Every structure is written in C-alpha cells, then in structure tokens.
Amino acid sequence: MAFLDILTYPDRFLKNTAKPIERIDGSLQKIIDDMIETMYKAPGIGLASIQIGCDKSIIIYDIGHTEKQKSIQVLLNPVIIETEGETVSNNEGCLSVPDLRSDVKRAASVIVEALDRDGNPLKIEAHDHLAVVLQHEIDHLNGILFIDRISALKRELYKRHIRKQQKKNET
Ligand code: NI
C-alpha cells in the first residue's frame, strides 16, 4: 500500500467529474486500499478519488473514526437518487481545502445508490451527519468543493488567504 498526495485548492484537477467504473479489477482494489490508508493517515473521515488525482468514481468514509474501531465504507459509482429536508452542516471541512471550516447548507436526508468494492449494489438511506458526509464526498465526484456552496464573500476571503500562503511559500 502507499500513501497518496491529496490535491488541494486551487488544483484544477479538483474540478473534474469522475467517470463511472465499468470494471472492478486488481488495480482498482489497489487504488481503494491506497485511498483508505491515505484517509486514515491524513486524518480525515472521508475521501473521494478526485482528491487523489483519480477520475474513477470512488468515495470512502468512516464517520466513526474517532473511536478505536475502524468501520470503513467504500462506495463505487455513488449517486444521490433522493434528497429530503434541509440542514446546516456543523463546521464542515475538507482535506482539499486547508485552513477553512464553514457551515454549509445541505439536505437533511439522502438516499444513495452505489456498488460496494466487490460490485454488489447498495442502497443507503442516510440522515444528519452521514447524509452530509455523503453529499460532501459525492460533490467531489462532480468537481464541487464545499467552498462552492458558501457565500461569495467567505469564498473570496478564502481565496485571498490561499494566494497569500502561496506567495509566502514562493519566497
Ligand atoms: Ni472534501
């Protein structure tokens, strides 16, 4: 297994849309294992393939990761087929958007269809925190970051912050 680099804003690859997986083979399993290792090391509670520069449709998450037990979930080709209600995520963050946390308007419940890593179809009904995580990760597969869903002013301040950081790193 290997640790992968996580792309960060404003890397253009993060704007890509993932392509559906048509064949589940050894090289795909290797990417999934590397993503899992990379997410736990970061550490994060979710990771999408786009964030590691891969455009196959994969998300992984473990929302219980602060507890000792790991319960990793792997979804291939996840699609939100239904949403219900509205909620505001509490201090959402992203491994690809360093130094920023923000509340984001999200659906309160979602139904997601996907395949597990062996290709078996899954249907997940999620509420609250898990619903937010699924929306966040599936957004990545559509080239969307959570900063695309916050106010223009907040986004502008963040962009300015990142530009400053980049200048600092150049000198
Ligand atoms: Ni993210």
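Every number for a ligand or one of its atoms is a count from 1 in the order of the listing. None of the values given here were measured: they were computed from a predicted structure.
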Test item: D62 side-chain N/O and S71 main-chain N/O as donor-acceptor pair under 3.5 Å | yes
For T87 and Q135, run side chain to side chain contact (heavy atoms under 4.5 Å, CB included): C-alpha distance rounded to whole Å, both residues' side-chain angles, the deciding distance at 0.1 Å, then the answer.
-> CA-CA 12 Å; T87 190; Q135 289 168 82; 5.7 Å; no
N, O or S atoms of the protein lying under 2.8 Å from the Ni ion (ligand 1) = C94 SG, H136 NE2, H140 NE2
Report yes or no: does N77 contribute a side-chain atom to a donor-acceptor pair with the main-chain N or O of I21 at less than 3.5 Å?
-> yes
Under 3.5 Å, is there a donor-acceptor pair between the side chain of R155 and the main chain of I150?
-> yes
Decide yes or no for V133 and I59: does some side-chain heavy atom of the first lie under 4.5 Å from some side-chain heavy atom of the second?
-> no
Looking only at atom types and distance, does a side-chain atom of S57 sit under 3.5 Å from a main-chain N or O of A18, one as donor and one as acceptor?
-> no
